[in-house]
Amino acid sequence: MDITSLDAGINEPELIEFTQHLVRTHALGEVGRGERAVAEFLLAKIREWDWAVELFDAGGRPNIVVTLTGGGGPGPTLAFEGHMDVVTEGDPDQWTVDPFGGEIRDGKLYGRGSADMKAGVAAMLYGARALQLSGPFPGRVRLLLLADEEGMMTGAKAAVAQGFVQDVDGVICCEPEGDEVCPTSKGAIRLRVDFTGVMSHGAMPWQGRNTLPAIARVMLGLEELEERLIEEVGSRTSLGSPSITPTVIQAGTADQMNTIPGTSSLFLDVRTVAGVDHETLLKRIGECVDTAARERGIGSSVTVIDDRPWVETGSDTPLVTALVDAHEVVNGVRPVLGAVPGTTDGTILTHYGNVPSVVYGPGGKWIAHMVDEYVEVNDLKRYALTYAVAAHRFLHEGSRT
């Protein structure tokens, strides 16, 4: 494949400047959820390129869909997906740069969301533009610019519910994975465990039923369950091991240390790999909680806040092979087939939308959510070109089947 025309369609200085502006764009008072300002910035570029756009709402947050018809006859539909939200910058005093400055230093573009994932959003837009400028192509390219990936993934869930992926044959999620092509992702379950006892004076504990010892008992029980789970399913080389991690405890108040809490809550972050059945695991966690509660004579409940199953796309599917080949064409080396240690919008699109997904995007695999987050400036055009080549290959190969 001659990639000269695709390469020529990417204005690298403009792409770099565009990404800097994306990093600088956030909504004051809405840090971590600033999609509206980002959406407005993206829409300005989309309309400059005269792309048709559809907008939809998810939980009061904006989402953008662009569909480009290639004009080269029938063929498959390939989607690129990116999220517009970022996590909070945390304590800005811990940063050595302005978290929202978009500063370039020593070949690195710094800022919250630079890798996760405004670089990926910029690269997918400019990659699609390069494909369009190179001439007709079969099938269609769809760009999904979604909200709330860092939260409950309401954008991806709404995209599925409203039919925006119903006709999609494959989706590339442009999250940072450090040059790895990742067709598998861990599953995740977020749980809240509540215990209800009887409040009493700390000097007379026998008059109450303290819920905190039940929390301690459950944490020990879940540690044992995690060990058994690892023994049962083993460690997947690319995904690692399943885990059950307590992350938050809520009980009592520091200014009432002389009071035994009548209620307490424990929040869990559960991560799963292939072979772990979520329904069975939830039942086992529930049994552990129930045992701890009965031992203390108190009530308990387990609430599933979110359930995101692990997903796998075959490494020999057209989507993955097109992306692997494109990476090799652009970079001269075969990429590593890796796995996503967390979940992405691709988890939702694959499990609930039945669309094969693969995760691949600019930025280090472990840099997301870190202080002094950055992306290599050279990654921007390199990934935009890889996306364009992957789309060209996927669409042309699919049109022949």
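These values consider heavy atoms only, across backbone and side chains, with no hydrogens, waters or symmetry-generated copies.
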For Glu373 and Trp95, what are the C-alpha separation, side-chain angles and deciding distance, and is it a side chain to side chain donor-acceptor pair (under 3.5 Å)?
CA-CA 9 Å; Glu373 179 184 350; Trp95 290 66; over 6 Å; no
Applying salt bridge (Lys or Arg N to Asp or Glu O under 4.0 Å) to Glu48 and Lys45, what does each step give before you reach the verdict?
CA-CA 5 Å; Glu48 176 188 322; Lys45 177 59 68 177; 3.2 Å; yes
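Under the 3.5 Å distance criterion, the side-chain polar atoms of Thr321 are matched with a main-chain donor or acceptor of Pro318. Side chain of Glu103 to main chain of Val97: no donor-acceptor pair is present (N/O by atom type, distance under 3.5 Å, no hydrogens or angles). Under the 3.5 Å distance criterion, the side-chain polar atoms of Asn331 are matched with a main-chain donor or acceptor of His327. Proximity of a side-chain donor or acceptor of Arg296 to a complementary backbone N or O of Ala214 within less than 3.5 Å is not detected.
Checking Asn378 against Tyr383 by side-chain atom types alone, no donor-acceptor pair falls below 3.5 Å.
At most 12 heavy atoms of other shown residues, nucleotides or ligands fall within 6.0 angstrom of atom CG in Asn354. Within a 6.0 Å radius of CD in Glu223, other residues, nucleotides and ligands contribute 12 heavy atoms or fewer.
Of all non-hydrogen atoms in Val218 and Phe195, the two that sit nearest each other are CG2-CZ, 3.5 Å.
Ring geometry for Tyr110 against Tyr374 counts as tilted: the plane angle lies between 30° and 60°, on a 0 to 90° scale.
Tyr387 pairs in a ring pair (Phe, Tyr, Trp, His ring centres under 6.0 Å) with only one of the listed residues (Phe394, Phe80, Tyr126), which is Phe80.
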